[in-house]
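Have a look at the structure below, then the notes.
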Amino acid sequence: MTTYDEWIMKSGRIGASLGGVAGFFYGTYVMATSHPLSWTDVSDTIESVVVLLVTGVMIGSLCIAIGWLAGLVLGTVASPLRSRTEKR
């Protein structure tokens with residue numbers, strides 16, 4: 001049986017991982033569809049790729065923090081319920 005602390009921290013890590021991946025792809029998608037990127041020559045293409053990656057990393061980092069907090073809250077709420085069902 002896992003302790004409450006282990007369960008809560010595991011939920012926080014899962015939330016942070018999911019939030020980071022989803023935030024990265026969402027940030028890249030938003031930037032690719034809303035900003036006029038130029039793909040005409042090599043320097044413009046490199047600049048566009050860098051802009052997409054930087055935006056994805058920035059929004060992904062924010063979503064890691066939000067996902068971690070959401071995971072902590074859900075882990076805190078779910079851990080007592082899980083332990084009660086295992087004891088019966």
Side-chain heavy atoms under 4.5 angstrom apart, residues restricted to Ile, Leu, Val, Met, Phe, Trp, Tyr: same cluster for Met9 and Leu69?
-> yes
Taking a hydrophobic cluster as the set of Ile, Leu, Val, Met, Phe, Trp and Tyr residues connected by side-chain heavy atoms closer than 4.5 Å, whether directly or through intermediates, do Ile14 and Leu62 fall within one such cluster?
-> no
Below 4.5 Å, heavy atoms only, C-beta onward: do Phe24 and Val57 meet side chain to side chain?
-> yes
At what distance, to the nearest 0.5 angstrom, does CD of Glu47 lie from CG of Leu52?
-> 10.5 Å
Given the rule that I, L, V, M, F, W and Y join up when any side-chain heavy atoms are under 4.5 Å apart, are Met58 and Val51 in one cluster?
-> no
Least distance between heavy atoms, Ser11 atom then Gly71 atom = CB-O, 3.2 Å
Nearest heavy atoms of Gly23 and Cys63, plus distance in Å | CA-SG, 3.6 Å
Nearest 0.5 Å please: distance from the CD1 atom of Ile66 over to the OG atom of Ser61.
-> 11.0 Å
So if you build clusters from Ile, Leu, Val, Met, Phe, Trp, Tyr with side-chain heavy-atom gaps below 4.5 Å, do Val54 and Val49 land together?
-> no
If Ile, Leu, Val, Met, Phe, Trp and Tyr residues are connected whenever their side-chain heavy atoms lie under 4.5 Å apart, and connections chain through other members, are Val30 and Ile64 in the same group?
-> no
